[in-house]
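Here is the structure we will look at, set down as structure tokens.
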2 protein chains.
Amino acid sequence: MTPHHPDRDQIKLENVLNALGNPMRLAVVRVLAGGGEHACGTVLSKEISKSTLTHHWRVLRDNGVIWQRPSGRENLLSLRREDLDARFPGLLDAVLNGVDSAPETIDQFTAHI
Amino acid sequence: MTPHHPDRDQIKLENVLNALGNPMRLAVVRVLAGGGEHACGTVLSKEISKSTLTHHWRVLRDNGVIWQRPSGRENLLSLRREDLDARFPGLLDAVLNGVDSAPETIDQFTAHI
DNA sequence: ACTATTGTACGAAAACTTTCGTACAGTGAG
DNA sequence: CTCACTGTACGAAAGTTTTCGTACAATAGT
């Protein structure tokens, strides 16, 4: 099935907040914020079932937070930073700056689960 | 029962995003962002059952987004702006600035439900 | 062609959310 | 004191989320 990405102007604040309001997806976004594309299997390096990950990719994708594109046998993920910044200026920066004060960094999160 | 408010440093980004990732609660926060205190019954002026409202006050309160204090027979709500700004600088501003581009303003929201 | 890798699809279970109605507690006004 | 008002508590129903296992599709390498 072709992955469904909303257009920039169809991205809704409420949906983005909702997508980010989950520790696992927040962790993913922090990794992707580092830049570039990551294969699905290389973002979170812990024992999380593939179908669970697929579910979260869908939430992030359908709500306009990430791009997902096939490449060979991998599926590459990247943050829709430009679209999010254009649509909700400052939001992503604020969320990413909230890292230090957040209870879970990526490592703490993955160590926790 | 005494309402439970988390301390400033116990407010979690993920929880705040989650609390705000709901159209009704987002609408409430926009009203409270206008400043001051509002009685529970005066924030959203539409046919939403009191118990549903109570549920949303709890979510917003427990996740550190609002203060709630009894006053006479009313229960006054206000935004925890200082705490949120201190904890996640720029987040609330970004969320509130996302209003114009959001699909529902308060009125559109209440007209919609 | 066969096999291993990478991820999606589907179905299911458990947990959580959202909403409501009804019942109740506390306050203020008459 | 009694009554209306404001909101909470509780229980329930419907819907959504989160997680998993198993099965499958597509690609890349041998």
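Proteins come first, then strands; the chains are lettered A, B, ... in the order of their sequence lines, and each starts at number 1.
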Quick one: side-chain contact (heavy atoms from CB on, under 4.5 Å) partners of [X], sequence neighbours excluded?
X: T54(A); value: none
X: P6(A); value: Q10(A), I11(A), R80(A)
X: A33(B); value: L79(B), R81(B), L96(B)
X: N75(B); value: C40(B), Q68(B), P70(B)

Rounded distance (Å) that lies between atom [atom2] of [N] and atom [atom1] of [X]:
X: L26(A); N: dT18(D); atom1: CG; atom2: P; result: 13 Å
X: L44(A); N: dT18(D); atom1: CG; atom2: P; result: 14 Å
X: R69(B); N: dT27(C); atom1: CZ; atom2: C1'; result: 15 Å
X: M24(A); N: dT17(D); atom1: CE; atom2: C1'; result: 13 Å
X: R61(B); N: dG7(D); atom1: CZ; atom2: P; result: 13 Å
X: L53(B); N: dA9(D); atom1: CG; atom2: P; result: 14 Å
X: I48(A); N: dT6(C); atom1: CD1; atom2: P; result: 16 Å
X: K50(A); N: dA25(D); atom1: NZ; atom2: P; result: 14 Å

(request) Check each of V29(B), L53(B), V59(B) against M24(B) using the side chain to side chain contact (heavy atoms under 4.5 Å, CB included) test, and report the only one that passes. (result) L53(B)
(request) Only one of V16(B), N97(B), L84(B) passes side chain to side chain contact (heavy atoms under 4.5 Å, CB included) with L92(B); say which it is. (result) L84(B)
Nearest listed nucleotide, side chain of [X], among [options]:
X: S51(A); options: dT8(C), dC20(D), dG7(D); answer: dC20(D)
X: S49(B); options: dC20(C), dT8(D), dT8(C); answer: dC20(C)
X: Q68(B); options: dT8(C), dT8(D), dG7(D); answer: dT8(D)

(request) Mind jotting down which residue pairs meet the salt bridge (charged side-chain N to carboxylate O under 4.0 Å, His left out) criterion with at least one end in residues 67-78 of chain A? Sequence neighbours excluded, please. (result) E37(A)-R69(A)
(request) Please list residues of residues 71-79 of chain A whose heavy atoms come under 4.0 Å from any atom in DNA chain D, ordered by number; otherwise none. (result)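 Those residues whose heavy atoms fall under 4.0 Å from DNA chain D, taken from residues 71-79 of chain A in numerical order, are G72(A), R73(A).
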(request) Give every residue pair that meets the ring-ring contact (aromatic ring centres under 6.0 Å, His included) criterion with at least one member in residues 39-63 of chain B, sequence neighbours excluded. (result) none
(request) Give every residue pair that meets the ring-ring contact (aromatic ring centres under 6.0 Å, His included) criterion with at least one member in residues 6-31 of chain A, sequence neighbours excluded. (result) none
Polar atom pairs between nucleotides 15-18 of chain C and protein, under 3.5 Å, N or O only, would you list them?
{"unit_1": "dT18(C)", "atom_1": "OP1", "unit_2": "N22(B)", "atom_2": "ND2", "d": "3.2"}
{"unit_1": "dT18(C)", "atom_1": "OP2", "unit_2": "R25(B)", "atom_2": "NH1", "d": "2.9"}
{"unit_1": "dT18(C)", "atom_1": "OP2", "unit_2": "R25(B)", "atom_2": "NH2", "d": "3.4"}

(message) Under the rule for side chain to side chain donor-acceptor pair (under 3.5 Å), what residues qualify as partners of H38(A), not counting sequence neighbours?
(response)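 Partners of H38(A) by the side chain to side chain donor-acceptor pair (under 3.5 Å) criterion come out as none, since no residue qualifies.
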(request) Under the side chain to side chain donor-acceptor pair (under 3.5 Å) rule, collect the residues that match up with R58(B), sequence neighbours excluded. (result) none
Provide a list of protein-nucleic acid N or O atom pairs under 3.5 angstrom, restricted to nucleotides 12-15 of chain D.
none

